[in-house]
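Written below as structure tokens is the structure these notes are about.
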Amino acid sequence: MSPVPRYLLSVHGPAERTESGTYPAQDAMLQAFADTDAFNERLQRDGHFVFAGGLEPATTATTVDGQGDKPAFTDGPYLDTRECLGGFWVIEAADLDVALALAAEGSKACRGTVEVRPFRTEKSVRVPLKP
Amino acid sequence: MTGPTVEQAITRSHHEEWARVVADLARRFGDLDVAEEATAEAFAAAAERWPREGVPPNPGGWLTTTASRKAIDWLRRESQRDAKHQAARIVYDDTPAEPTGPVEDDRLRLIFTCCHPALAMEARVALTLRLLGGLTVPEIARAFLVQETTMARRITRAKAKIKAAHIPYRVPSAGDIRERLTGVLGVVYLIFNEGYLAGEGDDPVRVDLTDQAIHLGRLLRTLLPDDGEVAGLLALMLLTDARRPARVSPTGELVTLDEQDRGTWDRTLIAEGNALVRERIEAVAAGGDPPGRYQLQAAINAVHTQAPSARDTNWSAIVALYGQLVLLDPSPIVRLNRAVAIAEVDGPGPGLAEIDPLAEALDGYHAFHAARADLLRRLGRGGESRAAYDRAIGLAGNPAERAYLNRRRDQLAG
């Protein structure tokens, strides 16, 4: 039996945040949080949930390059863009149809556009290694 | 008795069996690449062996068996290179296709996978033509006027996404099938239109694409015989294609419906299309689902093909059908077509009054300016008509259409 596929559902939004975050107003933010909590509970109940979290603004990020002799630290995100990653879920779903349906629910709950990407598997990593 | 030649038998098998073999292997081996490669190899083997050994009594069975062997050979070679050489065997499923009716036909699974909404439209079209239509990559590249390497990459990337993202190989659930089928029909109709009204290139009609689209339409009709829109799309394509012999003049100019030699229309295709339209009218009258956009468009084409001349066409019926279509699809293009029909019933003035509000939405569409030019001409507004023809000619990509528009413009008095 092959393992259940995993997907990253990432939510992108404006990098600039106001007091109500990326939401038009405070009460909209609170409602989105409540809806997202409810969605997370549903993911857990139905066995899809692996991990999820919302992120602090991109201005709090530090970019690290450890490939040289000494690690180099840079203040700020890796890509300086107007829209950036605001939060994500890692889910398990039988196939892409299930993942897309869940992403649509998540998108509605958190009021954001969601990108769905499959995780690499042992099997898919092997393919490019073939001579 | 002289049977078909070996070459004919191979062509016929390719037409009838390609999709079935790919679909069967895709299910049993769980891999579209393996299915496609092995099927192509099996047909290559047939081309080599059938002339020497004779056509087997059951060509489809021969091809499936040969393709399965090729696939097993391929997986065995792969697994020998692979430390975990059991992996390939575990995914191999030798159960025959479940005989639970046409909805479980593997070809239907293949159609829904190739036309999955998570794939870009151009990828859906390319995959459908390759895996279901059996067109080669160079053939598809030529049809869409792109480099072979570009088309090969497009298909490879789509197959890689299907595998990596776990796009399922199955017919969608009852709740989703209507919407997903609409997407499938959209792919087939796009292929047809790409062939029938080629936007670019030197051929006014690309028969390889229209034939493929009708082939796919027939396949869908076999698999989903009770679906109204499946019947509607097939009827629409048949009734449109029936007029192909009259559509381009010997000098390579587009001939519009009113000037076509109706005697050259293909009566067999018209009869088949009309029978489908009648079947749908009866089904709707008996309380079936109301007609969708393809059934309405097929009905419009049935009215045209039943008329002995453009003048004797039942234009009121066409206006009424477009009226229904506008309710389903209020897009500017549908409204443009309705306006052209209104001009036939009420005259060019009322037609133009319907067309002019669409100017902003359709300013970049050659057919809008061509329709407007024709109505202005009929109203005796030569100068405006000429300007509209100029716009239409500048926007039209199809050479036959440009030739037609040039002639109409040059016929304007003054």
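So you know, we letter chains A, B, ... as the sequences are listed, proteins then strands, and number each from 1. Quick caveat: nothing in here was measured; it's all calculated off a predicted structure.
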- Message: Counting only heavy atoms from other residues, nucleotides and ligands, does the tally under 6.0 Å from CG of B:D289 exceed 12?
- Response: no
- Message: Please rank B:P172, B:A160, B:P168, B:P117 by heavy-atom pairs under 4.5 Å with chain A and give me the top one.
- Response: B:P168
- From A:L96 atom CG to B:T113 atom OG1, the distance as rounded to the nearest 0.5 Å: 11.0 Å
- Task: Grab the two heavy atoms, one from A:P118 and one from B:A164, that are nearest each other, plus how far apart they are.
- Result: CB-O, 3.2 Å
- Task: Heavy atoms only: give me the nearest B:H166-A:D95 pair and the separation to one decimal.
- Result: O-CB, 3.2 Å
- Message: Just checking A:R82: does its CZ atom have more than 12 heavy atoms from other residues, nucleotides or ligands closer to it than 6.0 angstrom?
- Response: no
